[in-house]
**Q** 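Here it is, the structure in full.
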Amino acid sequence: MAKVKQFKMVLGLDPARRYKETILTIHYDTGRGSDVPDNKTRFYLKLPQIMADALNKPDIRGASVEEVKRSFDAALEEFKKLKVEKSKVILYEFELDPHPNPKEPRYSGPAHFNRGYAVTVVAAVYEETIAISGVGEKMYSYELQESSLSYPGGDKFQNRQGWNGRGRRVENQIPWTERGEAFFKWVADNMQQLISALADIESPNKLIDMVNAGRLLPLGGEKGKE
């Protein structure tokens with residue numbers, strides 16, 4: 001897939017930075033094996049993510065560079081007719097194993113009762129963009145923002161609801177506040193502290209020393225007793 005033509009345009013996609021220049025590239029798709037495209041779709045331009053999410057298509061294709069540019073101009077006009085709203089949110093995910101509700105076990109069979117305990121928490125701050133069409137249809141996309149949260153996998157929501165997700169909204173979210181960010185940071189810090197402490201246990205003697213020293217109990221608040 002070779003670059004054929006590259007050009008800059010002021011697209012006005014971001015209401016906060018309407019005069020920002022965006023570099024667009026038209027490629028020639030040679031394909032591989034049975035995936036070789038027909039001559040009518042050999043040239044393509046990958047849409048900026050916010051347009052791809054809002055218009056529900058990843059790229060513009062055509063038989064020539066000129067056709068791709070004309071189709072892109074039409075797509076840009078279509079996008080600009082949409083109403084765009086932005087907000088700052090915290091996206092999160094909790095996974096518990098075993099499932100806390102015995103009536104709704106996450107796994108079936110004896111293996112479920114031999115897995116011990118596992119807790120997975122993921123959270124990150126995102127900008128949520130909502131593109132609303134003239135008939136009221138909403139398309140959502142998400143862009144990761146800098147924050148104090150540093151969970152492994154915090155970027156998992158990035159573009160997750162884009163083309164493949166049909167622009168759906170991430171349900172597990174809360175509006176961003178300083179208090180909300182501080183809560184998830186506290187969870188991450190204390191989980192990391194507990195994981196690091198448990199990772200130090202390599203023998204029964206070390207476990208006994210840890211229990212006697214009450215090294216894990218500050219997480220719960222009560223000191224160990226003789």
**Q** Apply side chain to side chain donor-acceptor pair (under 3.5 Å) to S147 and list each qualifying residue two or more places apart in sequence or on a separate chain.
**A**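 None.
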
**Q** Taking C-beta and beyond as the side chain, do M51 and L76 meet within less than 4.5 Å on heavy atoms?
**A** yes

**Q** Can you check whether V170's main-chain N or O pairs, donor with acceptor, with Y140's side chain at less than 3.5 Å?
**A** no

**Q** If you compare all heavy atoms of G154 against all heavy atoms of A124, which two are closest, and at what distance to 0.1 Å?
**A**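 G154 and A124 have their closest heavy atoms at O-CB, 3.3 Å.
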
**Q** Between Y126 and F157, what is the ring plane arrangement, given parallel below 30°, perpendicular above 60°, and tilted in between?
**A**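 Judged by the thresholds at 30° and 60°, the geometry between Y126 and F157 is perpendicular.
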
**Q** Is the shortest heavy-atom distance from the side chain of F183 to the side chain of T177 under 4.5 Å?
**A**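 They are not in contact (no side-chain heavy atoms under 4.5 Å apart), so the answer is no.
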
**Q** In this structure, which one of V125, V89, L91 forms a side-chain contact (heavy atoms from CB on, under 4.5 Å) with W176?
**A**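 The passing option is V125.
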
**Q** Nearest 0.5 Å please: distance from the CD atom of E93 over to the OG1 atom of T120.
**A** 8.5 Å

**Q** Side-chain contact test, heavy atoms from C-beta onward, threshold under 4.5 Å: evaluate it for K46 versus T25 and give yes or no.
**A**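 With C-beta onward as the side chain, the pair stays apart.
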
**Q** Applying ring-ring contact (aromatic ring centres under 6.0 Å, His included), can you list everything that pairs with Y92, at least two apart in sequence or on another chain?
**A**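 By the ring-ring contact (aromatic ring centres under 6.0 Å, His included) rule, Y92 matches F94, F184.
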
**Q** In chain order, what residues pass the side chain to side chain donor-acceptor pair (under 3.5 Å) check against S64, with sequence neighbours excluded?
**A** none

**Q** How far apart are the closest heavy atoms of V4 and H27, and which atoms are they?
**A** CG2-C, 3.9 Å

**Q** At their closest point, which heavy atom of P48 faces which heavy atom of F72, and how far apart are they?
**A**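 For P48 and F72, the tightest heavy-atom pair comes out as CD-CE1, 4.4 Å.
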
**Q** Between the side chain of E143 and the main-chain N/O of S141, is any donor-acceptor distance below 3.5 Å?
**A**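 No, the answer is negative, given that no donor and acceptor are paired below the 3.5 Å cut-off.
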
**Q** By salt bridge (charged side-chain N to carboxylate O under 4.0 Å, His left out), which residues pair with E67, not counting sequence neighbours?
**A**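 E67 satisfies salt bridge (charged side-chain N to carboxylate O under 4.0 Å, His left out) with no residue once adjacent residues are dropped.
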
**Q** Taking all non-hydrogen atoms of both residues, which atom of L47 and which atom of K57 are closest, and how far apart?
**A**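 Minimum heavy-atom separation between L47 and K57: CD1-O, 3.4 Å.
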
**Q** Is there any salt bridge (charged side-chain N to carboxylate O under 4.0 Å, His left out) pair reaching into residues 176-190, and which pairs are they, with sequence neighbours excluded?
**A** K185-D189

**Q** Do the side chain of N190 and the main chain of Q193 share a donor and acceptor less than 3.5 angstrom apart?
**A** no

**Q** First locate atom CE of M9, then atom CG of D73, and finally report the distance between them rounded to the nearest 0.5 Å.
**A**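 It comes to 5.5 Å.
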
**Q** Between the side chains of E128 and Y142, does any donor sit under 3.5 Å from an acceptor?
**A** yes

**Q** Atom NZ in K69, atom CZ in F43: separation rounded to 0.5 Å?
**A** 13.5 Å

**Q** Quick one: pull up OH in Y151 and NZ in K156 and give me the separation to the nearest 0.5 Å.
**A**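 The distance works out to 13.0 Å.
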
**Q** In Å and rounded to the nearest 0.5 Å, what is the CD to OG distance from Q173 to S87?
**A**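 Between Q173 CD and S87 OG, I get 7.0 Å after rounding to 0.5 Å.
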
**Q** What pairs with T22 under side chain to side chain donor-acceptor pair (under 3.5 Å), at least two apart in sequence or on another chain?
**A** none

**Q** Which of these passes side-chain contact (heavy atoms from CB on, under 4.5 Å) with I60: L55, I26, V68?
**A** V68

**Q** Report yes or no: do W186 and V121 belong to one cluster of Ile/Leu/Val/Met/Phe/Trp/Tyr joined by side chain heavy-atom distances under 4.5 Å?
**A** yes

